There are 4 protein chains.
Amino acid sequence: MSTLKNHVQLIGNVGQEPTITNLESGKKVARFSLATNEYYKNDKGEKTQTTDWHTVVAWGKTAEITEKYVGKGKEVGVTGKLKSRSYEDNDGIKRYVTEIEANEILLLGTKNGK
Amino acid sequence: MSTLKNHVQLIGNVGQEPTITNLESGKKVARFSLATNEYYKNDKGEKTQTTDWHTVVAWGKTAEITEKYVGKGKEVGVTGKLKSRSYEDNDGIKRYVTEIEANEILLLGTKNGK
Amino acid sequence: MSTLKNHVQLIGNVGQEPTITNLESGKKVARFSLATNEYYKNDKGEKTQTTDWHTVVAWGKTAEITEKYVGKGKEVGVTGKLKSRSYEDNDGIKRYVTEIEANEILLLGTKNGK
Amino acid sequence: MSTLKNHVQLIGNVGQEPTITNLESGKKVARFSLATNEYYKNDKGEKTQTTDWHTVVAWGKTAEITEKYVGKGKEVGVTGKLKSRSYEDNDGIKRYVTEIEANEILLLGTKNGK
DNA sequence: TTTT
DNA sequence: TTTT
């Protein structure tokens, strides 16, 4: 888990309530979407915004923190690594997804942003 | 282009010769796949390796540097941001891709790693 | 200004009001101290905190943003690079200082954290 | 050890052989200086270089890796955190130093850069 | 010198 | 004190 070789950091707002899955092993997995917003002025000097949506996955203890503290609209910081995987959807079509596997999730702008 | 809000860094090896596209505007776009390798020992103490593949896109001047210096097998460092977009493939299926839009590409382990 | 070769990121609280210097050239320089706090449990299971203090320097436009928005106690994110320099103090003793030269300063936990 | 709150990354060349200290506890500490070089053209279009020197400290297992593999002139990548501390020098003058406490040290441009 |  |  080298942070030199594969490192992602995002600061943004949570799109929806995280989904929590309890694995048979007793481990938890949390998954949520995160919007990163950039504000800039376009050619005409008008204020514009771009939003990028990211899928964040958290395992184990980080999933538990997610379940407790991360909610829709909250501002969070995430560090982790980029992982890609493929699966077959219900129509038998091979799909590729890229997710951010979180090492750390930090609540920002809150009293308990510890 | 906030590096606090959306920042990716990768160090790895280039999978294939980059593809270069010359846009009508005269601008260049370079695209290549990058493998990040992690080495670790598994439960049984055996040396194991995980490889993650990433798609890197470079525009303008960074594309030109890519065209000149980046080649199959080379060790490179990349920083940039995560961008997701969708398109329809030839069968009319909506596809989602996540790419790293490079700000900077650094050649490592070379005499011209400037 | 390679973010691969020399990159620092901090999220913390501002210790004091920034000092602003107006250079003869008309350019501004802002300087402030930033505390990064880590919370953990010690050997005895007691909650403990470590604080590291950093000196952040901002030039030009980033200095102007600092002057307007950064104040004592505020939570801010900073990215930039590590710079070291030496000077002689009033007693003629050579001093070395390490500062973070900010590329970007982001206000966190605020409505205008854009 | 939050990489969101306090994170440094450097890629550069080692200035001298690392110094290794064996603590009474049996733990090792390694310390070395690292040069990060930036190349750019100045106002007159001449190629110029700036070098920043950093002090890297590694503890425990990372110190052992440093002892084995890190040597003068080698190209290495380092991630870690910024730590400042003070001490009294031999003349009783209080000195402040800022060091990078390494989490990870990666040998670049070598066959064993794993 | 901040914050929790 | 490194490197290109």
Side-chain angles (χ1 to χ4, degrees), chain A residues 69 77 106-114, chain B residues 65 69 77 106-114, chain C residues 2 4-6 10-19 30-41 46-56 66 69-78 82 84 86 96 99-100 105 107-110, chain D residues 2 4-6 10-19 30-41 46-56 66 69-78 82 84 86 96 100 105 107-110:
Chain A
Y69 299 112
L106 186 65
L107 302 178
L108 299 169
T110 59
K111 299 300 175 298
N112 57 349
K114 301 176 185 178
Chain B
I65 291 170
Y69 299 113
L106 185 65
L107 302 179
L108 298 170
T110 59
K111 299 301 175 296
N112 57 349
K114 302 178 184 178
Chain C
S2 163
L4 267 158
K5 290 181 173 176
N6 184 343
L10 303 170
I11 293 180
N13 297 90
V14 178
Q16 296 166 292
E17 288 305 315
T19 61
R31 192 172 248 103
F32 63 92
S33 55
L34 187 72
T36 51
N37 300 298
E38 302 270 359
Y39 304 89
Y40 59 92
K41 290 186 182 167
E46 300 159 336
K47 285 187 184 176
T48 322
Q49 168 183 346
T50 329
T51 299
D52 286 292
W53 285 99
H54 313 275
T55 301
V56 178
T66 301
Y69 299 113
V70 174
K72 184 174 176 173
K74 290 272 178 67
E75 185 183 26
V76 302
V78 173
L82 262 189
S84 294
S86 63
Y96 297 87
E99 297 166 323
I100 293 92
I105 293 180
L107 301 178
L108 298 170
T110 60
Chain D
S2 163
L4 266 158
K5 291 181 172 177
N6 184 342
L10 304 170
I11 294 180
N13 296 90
V14 178
Q16 296 166 293
E17 288 304 315
T19 60
R31 191 172 250 103
F32 62 93
S33 55
L34 187 72
T36 52
N37 300 297
E38 302 270 359
Y39 304 89
Y40 59 92
K41 290 187 183 167
E46 299 160 336
K47 286 188 183 173
T48 323
Q49 168 183 347
T50 329
T51 299
D52 287 293
W53 285 98
H54 313 275
T55 302
V56 178
T66 302
Y69 298 113
V70 174
K72 183 174 177 174
K74 289 273 177 67
E75 185 182 26
V76 301
V78 173
L82 263 189
S84 293
S86 64
Y96 297 86
I100 293 93
I105 294 179
L107 302 178
L108 299 169
T110 58

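In the text below, chain A, chain B and the rest are named by the order of the sequence lines, each starting its count at 1. These numbers come from a predicted model, not from an experiment.
The side-chain heavy atoms of Tyr69(D) and Val76(D), taken from C-beta on, include no pair separated by under 4.5 Å. Considering only heavy atoms from C-beta on, Leu82(C) stays 4.5 Å or farther from Asp52(D) through its side chain.
In this structure, Glu17(D) atom CD and dT1(F) atom P are separated by 15 Å, rounded to whole Å. If you take CG of Leu108(A) and P of dT2(E), they are 21 Å apart, rounded to a whole angstrom. Going from atom CG of Leu106(B) over to atom P of dT4(F) covers 13 Å, rounded to whole Å. Atom pair Leu107(D):CG and dT3(F):P shows a separation of 15 Å (rounding to whole Å applied). Protein atom CZ of Phe32(C) is 15 Å distant from nucleotide atom P of dT3(E), rounded to whole Å.
Of the candidate nucleotides dT3(F), dT1(F), dT1(E), dT3(F) has the atom nearest to the side chain of Tyr39(D). Among the nucleotides dT1(E), dT2(E), dT4(F), the one closest to the side chain of Gln49(D) is dT4(F).
A donor-acceptor contact under 3.5 Å is formed by the side chain of Thr51(C) with the base of dT2(E). Side-chain to base pairing of Asn13(D) with dT1(F): no donor and acceptor N or O lie closer than 3.5 Å to each other. One donor-acceptor pair, N or O on each side, does fall under 3.5 Å between the base of dT3(E) and the side chain of Asn37(C).
Counted by atom type alone, Thr51(C) and Gln49(C) present one or more donor-acceptor pairs between their side chains at under 3.5 Å.
Other residues, nucleotides and ligands contribute only 12 or fewer heavy atoms inside 6.0 Å of the OH atom of Tyr96(C).
The aromatic ring of Trp53(D) is stacked on the base of dT1(F), with the two ring centres less than 5.5 Å apart and the planes inclined by under 30°.
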